[in-house]
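Here is the structure we will look at, set down as C-alpha coordinates.
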Amino acid sequence: MRYLHTMVRVRDIEQSLNFYCKQLGLEEVRRVENEQGRFTLVFLAAPKDKRQAAKTRAPLLELTYNWDAEEYNAGRNFGHLAYCVENIYTFCQSLQDAGVVINRPPRDGYMAFVRSPDGISIELLQAGEPLPKQEPWASMPNTGNW
(Lines give C-alpha, C1' and ligand atoms only; values in the text may rest on other atoms or scores of the structure.)
Protein backbone atom coordinates (compact mmCIF):
# COMPACT_ATOMS: atom_id res chain seq x y z
CA MET A 1 0.00 0.00 0.00
CA ARG A 2 1.15 3.57 -0.65
CA TYR A 3 -0.31 7.00 -0.06
CA LEU A 4 -1.78 8.66 -3.17
CA HIS A 5 -3.60 11.90 -2.35
CA THR A 6 -5.94 13.82 -0.11
CA MET A 7 -9.07 15.28 -1.71
CA VAL A 8 -10.76 18.47 -0.55
CA ARG A 9 -13.81 20.07 -2.12
CA VAL A 10 -13.50 23.75 -2.95
CA ARG A 11 -16.17 26.37 -3.68
CA ASP A 12 -14.06 28.73 -5.82
CA ILE A 13 -11.31 27.09 -7.87
CA GLU A 14 -9.45 30.33 -8.67
CA GLN A 15 -9.47 31.50 -5.05
CA SER A 16 -8.28 28.06 -3.93
CA LEU A 17 -5.50 27.89 -6.54
CA ASN A 18 -4.36 31.35 -5.47
CA PHE A 19 -4.12 30.15 -1.87
CA TYR A 20 -2.58 26.71 -2.46
CA CYS A 21 -0.22 27.72 -5.31
CA LYS A 22 0.65 31.41 -4.95
CA GLN A 23 0.52 31.68 -1.18
CA LEU A 24 1.29 28.15 0.08
CA GLY A 25 3.68 27.32 -2.79
CA LEU A 26 2.21 24.09 -4.18
CA GLU A 27 2.39 23.44 -7.93
CA GLU A 28 -0.27 22.12 -10.30
CA VAL A 29 0.78 18.80 -11.84
CA ARG A 30 -2.42 17.62 -13.49
CA ARG A 31 -5.96 18.81 -14.25
CA VAL A 32 -9.07 16.88 -15.28
CA GLU A 33 -12.15 18.66 -16.66
CA ASN A 34 -15.19 16.36 -16.71
CA GLU A 35 -18.03 18.05 -18.56
CA GLN A 36 -20.42 15.10 -18.20
CA GLY A 37 -19.85 14.88 -14.44
CA ARG A 38 -19.70 18.68 -14.18
CA PHE A 39 -16.51 18.82 -12.11
CA THR A 40 -12.85 19.79 -12.30
CA LEU A 41 -10.03 18.00 -10.49
CA VAL A 42 -6.75 19.82 -9.94
CA PHE A 43 -3.83 17.84 -8.54
CA LEU A 44 -1.16 19.77 -6.65
CA ALA A 45 2.26 18.76 -5.33
CA ALA A 46 4.80 20.35 -3.04
CA PRO A 47 7.81 21.53 -5.10
CA LYS A 48 10.10 18.84 -3.66
CA ASP A 49 7.48 16.17 -4.46
CA LYS A 50 6.70 17.38 -7.99
CA ARG A 51 9.04 15.02 -9.87
CA GLN A 52 7.84 11.97 -7.96
CA ALA A 53 4.21 13.06 -8.30
CA ALA A 54 4.54 13.40 -12.08
CA LYS A 55 5.78 9.79 -12.30
CA THR A 56 3.72 8.04 -9.64
CA ARG A 57 0.72 10.39 -9.20
CA ALA A 58 1.58 10.62 -5.50
CA PRO A 59 1.85 12.34 -3.06
CA LEU A 60 -0.77 14.86 -4.13
CA LEU A 61 -3.48 17.19 -2.95
CA GLU A 62 -6.61 16.89 -5.10
CA LEU A 63 -8.85 19.94 -5.29
CA THR A 64 -12.34 18.94 -6.42
CA TYR A 65 -14.47 21.71 -7.85
CA ASN A 66 -18.09 20.80 -8.58
CA TRP A 67 -19.49 23.18 -11.19
CA ASP A 68 -22.95 23.29 -9.64
CA ALA A 69 -23.13 25.43 -6.50
CA GLU A 70 -23.10 23.37 -3.34
CA GLU A 71 -22.43 24.24 0.31
CA TYR A 72 -19.76 22.20 2.10
CA ASN A 73 -19.49 21.93 5.85
CA ALA A 74 -15.86 21.60 6.89
CA GLY A 75 -15.70 19.97 10.29
CA ARG A 76 -12.74 19.43 12.54
CA ASN A 77 -13.28 15.69 12.07
CA PHE A 78 -11.54 16.07 8.67
CA GLY A 79 -8.27 16.73 10.45
CA HIS A 80 -5.74 18.72 8.47
CA LEU A 81 -3.17 18.74 5.68
CA ALA A 82 0.46 19.01 6.77
CA TYR A 83 3.47 20.43 4.96
CA CYS A 84 7.10 20.76 6.02
CA VAL A 85 8.74 24.15 5.36
CA GLU A 86 12.39 25.28 5.34
CA ASN A 87 11.89 28.27 7.69
CA ILE A 88 8.57 28.46 9.49
CA TYR A 89 8.99 32.12 10.46
CA THR A 90 9.77 33.29 6.92
CA PHE A 91 7.00 31.12 5.49
CA CYS A 92 4.38 32.38 7.97
CA GLN A 93 5.47 35.97 7.37
CA SER A 94 5.00 35.56 3.60
CA LEU A 95 1.53 34.08 4.18
CA GLN A 96 0.62 36.89 6.56
CA ASP A 97 1.90 39.49 4.08
CA ALA A 98 -0.42 37.90 1.48
CA GLY A 99 -3.40 38.33 3.80
CA VAL A 100 -3.57 34.81 5.24
CA VAL A 101 -4.53 34.65 8.93
CA ILE A 102 -2.05 32.66 11.02
CA ASN A 103 -4.52 30.83 13.29
CA ARG A 104 -1.86 29.17 15.45
CA PRO A 105 1.40 31.14 15.22
CA PRO A 106 4.74 29.29 15.35
CA ARG A 107 5.42 30.32 18.94
CA ASP A 108 7.57 27.22 19.46
CA GLY A 109 9.59 27.67 16.25
CA TYR A 110 8.17 24.41 14.97
CA MET A 111 4.43 24.37 14.23
CA ALA A 112 1.79 26.74 12.86
CA PHE A 113 -1.75 26.40 11.49
CA VAL A 114 -3.62 28.35 8.80
CA ARG A 115 -6.89 27.75 6.97
CA SER A 116 -7.61 27.63 3.25
CA PRO A 117 -10.39 29.79 1.77
CA ASP A 118 -12.68 26.76 2.22
CA GLY A 119 -11.80 26.31 5.89
CA ILE A 120 -9.40 23.38 5.46
CA SER A 121 -6.92 23.33 8.32
CA ILE A 122 -3.27 23.30 7.21
CA GLU A 123 -0.43 22.44 9.56
CA LEU A 124 2.99 23.87 8.80
CA LEU A 125 5.98 22.14 10.38
CA GLN A 126 9.58 23.34 10.56
CA ALA A 127 11.98 21.03 8.71
CA GLY A 128 14.43 19.47 11.13
CA GLU A 129 14.77 20.88 14.63
CA PRO A 130 12.60 23.75 15.90
CA LEU A 131 13.99 27.23 15.31
CA PRO A 132 14.80 29.37 18.36
CA LYS A 133 11.76 31.27 19.64
CA GLN A 134 11.39 34.60 17.90
CA GLU A 135 9.16 37.65 18.19
CA PRO A 136 6.56 38.61 17.19
CA TRP A 137 5.62 34.93 16.87
CA ALA A 138 6.57 33.85 20.41
CA SER A 139 3.97 36.11 22.04
CA MET A 140 1.34 36.13 19.27
CA PRO A 141 -2.05 34.74 20.37
CA ASN A 142 -4.13 32.19 18.48
CA THR A 143 -6.76 33.54 16.10
CA GLY A 144 -9.94 31.56 15.52
CA ASN A 145 -9.60 27.81 15.39
CA TRP A 146 -7.79 25.28 13.29
Side-chain angles (χ1 to χ4, degrees), residues 1-34 39-67 70-146:
M1 182 184 331
R2 69 184 175 95
Y3 171 78
L4 295 177
H5 65 263
T6 297
M7 182 274 271
V8 295
R9 289 183 177 86
V10 300
R11 290 183 276 273
D12 181 322
I13 192 70
E14 293 309 317
Q15 182 183 39
S16 294
L17 286 172
N18 182 61
F19 172 77
Y20 285 105
C21 295
K22 291 184 180 166
Q23 295 169 348
L24 206 57
L26 301 182
E27 298 177 17
E28 184 174 332
V29 295
R30 188 163 55 99
R31 184 181 289 234
V32 176
E33 302 276 349
N34 188 310
F39 64 85
T40 301
L41 306 178
V42 180
F43 293 89
L44 306 175
K48 289 185 178 181
D49 293 330
K50 190 174 179 182
R51 185 191 305 225
Q52 178 183 338
K55 286 191 251 182
T56 65
R57 295 193 174 194
L60 295 168
L61 170 62
E62 173 190 325
L63 302 181
T64 297
Y65 172 67
N66 293 308
W67 299 354
E70 193 176 333
E71 189 62 35
Y72 303 116
N73 295 321
R76 286 183 62 87
N77 61 331
F78 167 79
H80 61 265
L81 303 174
Y83 293 96
C84 182
V85 299
E86 293 298 318
N87 183 308
I88 197 155
Y89 297 133
T90 302
F91 198 85
C92 285
Q93 187 63 58
S94 70
L95 289 174
Q96 193 171 50
D97 291 347
V100 175
V101 173
I102 309 299
N103 298 106
R104 193 276 190 195
R107 289 184 292 275
D108 53 6
Y110 182 70
M111 178 179 64
F113 277 88
V114 298
R115 284 192 171 273
S116 77
D118 292 287
I120 303 299
S121 187
I122 309 218
E123 179 181 27
L124 304 170
L125 297 169
Q126 171 63 41
E129 296 297 315
L131 298 178
K133 290 182 180 181
Q134 179 179 314
E135 292 297 340
W137 308 106
S139 58
M140 191 178 289
N142 293 341
T143 302
N145 59 37
W146 61 92

In terms of heavy-atom contacts, Pro106 and Tyr89 come closest through O-CE2, 3.3 Å
Trp137 versus Gln96, closest heavy-atom pair with distance: CH2-OE1, 3.6 Å
Parallel, tilted or perpendicular for Phe43 and His5, by the 30°/60° rule? perpendicular
Which pair of heavy atoms, one from Trp67 and one from Asn34, lies closest together, and at what distance? CH2-O, 3.9 Å
By side chain to side chain donor-acceptor pair (under 3.5 Å), which residues pair with Asn18, not counting sequence neighbours? none
Can you list every pair that meets ring-ring contact (aromatic ring centres under 6.0 Å, His included) and has a residue in residues 91-123, with sequence neighbours left out? His80-Phe113, Phe113-Trp146
Around atom CD of Glu129, are there more than 12 heavy atoms from other residues, nucleotides or ligands closer than 6.0 Å? no
Could you verify whether a donor N or O on one side chain and an acceptor N or O on the other, from Asp118 and Ser16, lie under 3.5 Å apart? yes
Got a sec: does the CZ of Arg107 have more than 12 other heavy atoms crowding it under 6.0 Å? yes
For a quick test of reading the model, state the closest non-hydrogen atom pair linking Val10 to Tyr65 and the distance between them. O-CD1, 3.6 Å
Table please: side-chain donor-acceptor pairs of residues 44-53 below 3.5 Å, with sequence neighbours left out.
residue	atom	partner	partner atom	Å
Lys48	NZ	Glu86	OE2	2.7
Lys50	NZ	Glu27	OE1	2.9

If I take atom CE from residue Met7 and atom CG from residue Leu60, how far apart are they, to the nearest 0.5 angstrom? 14.0 Å
Just jot down the side chain to side chain donor-acceptor pair (under 3.5 Å) partners of Arg31, sequence neighbours excluded, or say none. Glu28
To the closest 0.5 Å, what do you measure between CD (Gln126) and CG (Leu131)? 3.5 Å
To the nearest 0.5 Å, how far apart are CG in Asp12 and CZ in Phe19? 13.5 Å
Drop me the distance from Thr143's OG1 to Ile102's CD1, to the nearest 0.5 angstrom. 9.0 Å
Can Glu62 and Thr64 be counted as having a side-chain donor-acceptor contact under 3.5 angstrom? yes
Residues passing the side chain to side chain donor-acceptor pair (under 3.5 Å) test with Asn103, sequence neighbours excluded, are none
Consider only side-chain N and O atoms of Asn145 and Arg115, and report whether a donor and an acceptor are under 3.5 Å apart. yes
When every non-hydrogen atom of Ala112 is compared with those of Cys92, the smallest separation belongs to CB-SG, 3.7 Å
Go through the structure and list residues passing side chain to side chain donor-acceptor pair (under 3.5 Å) with Gln15, not counting sequence neighbours. none
